[in-house]
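As structure tokens, the structure follows; a few thoughts come after it.
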Amino acid sequence: MHLIGGKINPDGSDDDCYSFSSKNFTPEILKPSPSPTHIPTLSPITGVKPTENPTLSPTSSLPTLRPTLLPTTTPTHSPTSKPSACSVSVQLECTVEGEGSDCKDIILNSPQDCSRDLEYKLKWCVNGQDKLVNIWFVRTKFNGGDAIFENRNFNMMSGECMTGTAKATVNICNSKRFFASLIMLGSDQNKNECYAFQALDTFPKTLAPTNVPTIEPTNAPTTEPTNVPTLSPTNQPTFRITLDPTLNPTSFPTLSPSKTPNCNISSKVTCILVEDGSSCEDFKNDPFKECSQFDVIYKFTWCNEDSAQQVKLSRVSGRINLKEVFLFGDEDDLNGCQENSIEKSYSTCEELFGAALLVSGKNSFNEKCYAFNNISPVIPVTLPPTFGPTETPTNLPSNNPTKQPTKDPTHSPTDIKTKQPTYIQTMSPTNRPTTQQPSVVPTSTICPGMTDKERSDKLEAIAKSVSDTIELGNVQSKALRWLDSDDAYKICLDNPKLIQRYALAVFYFSTNGDEFWESCGRNSEKKCDSLDEKIFPKNDPITSLWSNELWLSPVDECLWGGLACNEENKMLDRIYFDSNSVKGILPDELGKLTTLRWLTIEGANNEEDYANGIDGLSGFIPTQLKDLTSLLVLDLNYNYLSGNIPSEIFSIRSLRHLDLNDNVLSGAIHPTVGNLSNLTILQLNGNNLNSNIPNEIGALFRLKQLSLW
């Protein structure tokens, strides 16, 4: 563009004059910047597709399927509806120790070479970005038995991976197959639960048969008979009859009878969308539509693959999203196949749905077999993001949130309230009130005269008054979360049993009832045995209420197994566990159960079981037990409690029976033991106590039984 200006006039006046000409130029497209643009584009680009993976720096025209690594400096036109889901992954590999070969390449050479030492390499990761995940446990099991590797209750950040190893020994002559699994379970700061699972199923191979018979028989028969008879018989008969008889009879009987036929069962899980019959893995939803319900059918199938063998089932366990579902078929004879179908409803806003089936049993020769199959958690597929923000908010957020909050608040609040406030406050308030009109439907309440949020806030305040520390991932926070969100019993805050229910939930999580308890845990296959009436004295002035329901079930806690309450006021009277694999630590919150008269948690039935390594409680005896001023019996024998016997225990003047034998307690017996004037039984033997017997024990004139060393 050119412009020439000047002044010209014959009479000398200052009149302006100018000349102008122009030329059009096509502006060049700017190169992508190394960081996100400050202002989003106003409209998406049509006719182009996004790239499959995010670029290192934003492009000038195409959006990515995943968010950029850094947040934009200005907010989107509308917020996402909720944070992204928690996501974890696992990897399991198996090699033969000393050889380095893959377990799937194991070959059976001879019956004299049966033992193999296996090494499993484990890797577990937290996916996504900027997310702290509390890992409840990472566990590896071999052949469905006890864990050969376990790591519990630790935190990991997104992008972080950890590794480990586990070892097992297998007899490949006796095992037609061997099986290992790796499972990881946890939750993020928004209480979204996530898990990952991988299994390895390995079948040892035999050497391939040659085209012609060998001069000498093999030590072990081939799986299938040869088309041509061998020149001489094998040392052991084949599993199946040969197609043709041997040319001559054997000159001597076989050394041993043939092996028992193999037990062979299979399991399979499929998931089908009810609407169109397609696989759940193909599920897609439109994020621009409101959340809606859809139905799926889980089909569980298990079969006996050998029609010649009858299989007696010992377990048929189905799970949907880690929660066990009831399937018909336990303890049935399995001939052919059995099948169960379960229909479930989900919301298009839910993140995942998965299922698994484990079947085990024995054939008529008492040979064990099992089968496992699972559907990995399915994450609903969202449509690709547009280049710029949408005019209408999407129902589902992107898979990964931005690392930091937006600088300015969003124009309007989210449609679905978050479970927790943001960690960083906004720099300025919203431009307008959160709602323009009152809600059409009143706020849903659990307790009359109180909103759900008010109940949650006050419930947290009560829990903090009971527990010294409530932090993300600790047992107190798990108990609070369960009581607030997961407990269908929905106890109200004015109920005098609220603290009792919370303290018992803390005890359950502190002893990891989900994993360790043999019975009456919320995930246990069986309920606790009913309390023996002999533990209730005939002349007891208190009438007891008790049952054997699973713990954390939506009933009065007095009905949970191992507990008994005063029938009149429903306050806790007894905790009684006799060898139920109650492991872990006694929480301080037990001191809040002030009506308790019996506290019995024995790690083993007797000294023999204890010597065989039966696990039990560990850690210290809480000093807060001093607040149990009505306690008559404190029986914690056959555990692994350590440290000193707290002198505070000797202030419980109501105690009649103090049994702490067979632990690892140390130190001295405090002289205040003489305060227990009602004590009739004192058992402290089987510990590491290292002091003289205090003279004050002589003042216990009601004492009938004394065992100290």
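Along the sequence shown, the residues carry numbers beginning at 1.
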ask   = Hey, which of R597, R574, E568, E567 is the one that makes side chain to side chain contact (heavy atoms under 4.5 Å, CB included) with I542?
value = R597

task = Establish, yes or no, whether a centroid distance under 6.0 Å links the rings of W136 and Y195.
result = no

task = Give a yes or no on this: more than 12 heavy atoms of other residues, nucleotides or ligands lie within 6.0 Å of atom NZ of K123.
result = no

request  = Any pair with a residue in residues 459-507 that passes ring-ring contact (aromatic ring centres under 6.0 Å, His included), sequence neighbours left out, goes on the list, sorted by first then second residue, please.
outcome  = F507-W551

inquiry  = Counting only heavy atoms from other residues, nucleotides and ligands, does the tally under 6.0 Å from CZ of F620 exceed 12?
reply    = no

inquiry  = Can you classify the ring geometry of W517 versus Y508 as parallel (below 30°), tilted (30 to 60°) or perpendicular (above 60°)?
reply    = perpendicular

task = Check whether any side-chain N or O of T595 sits under 3.5 Å from a backbone N or O of L572 as a donor-acceptor pair, and report yes or no.
result = yes

task = Classify the side-chain pair S519/N580 by whether it contains a donor and acceptor separated by less than 3.5 Å.
result = yes

note = Between D487 and the options R522, R455, R501, R481, the salt bridge (charged side-chain N to carboxylate O under 4.0 Å, His left out) test singles out R501

key: Pair S360-S314, side-chain donor/acceptor within less than 3.5 Å   = yes

task = Would you mind telling me which of W124, F142, F137 makes a ring pair (Phe, Tyr, Trp, His ring centres under 6.0 Å) with F149?
result = W124

inquiry  = Counting only heavy atoms not in N690 (residues, nucleotides, ligands), do more than 12 fall under 6.0 Å from its CG?
reply    = yes

ask   = Heavy-atom count around R653 CZ within 6.0 Å, excluding the residue itself: above 12?
value = no

ask   = Is there a donor-acceptor pair under 3.5 Å between the side chain of T169 and the backbone N or O of D117?
value = no

query = Is a side-chain donor-acceptor pair under 3.5 Å present for Q91 with Q198?
reply = no

message = With rounding to the nearest 0.5 angstrom, report the CG to CE distance, L596 to M571.
response = 10.5 Å

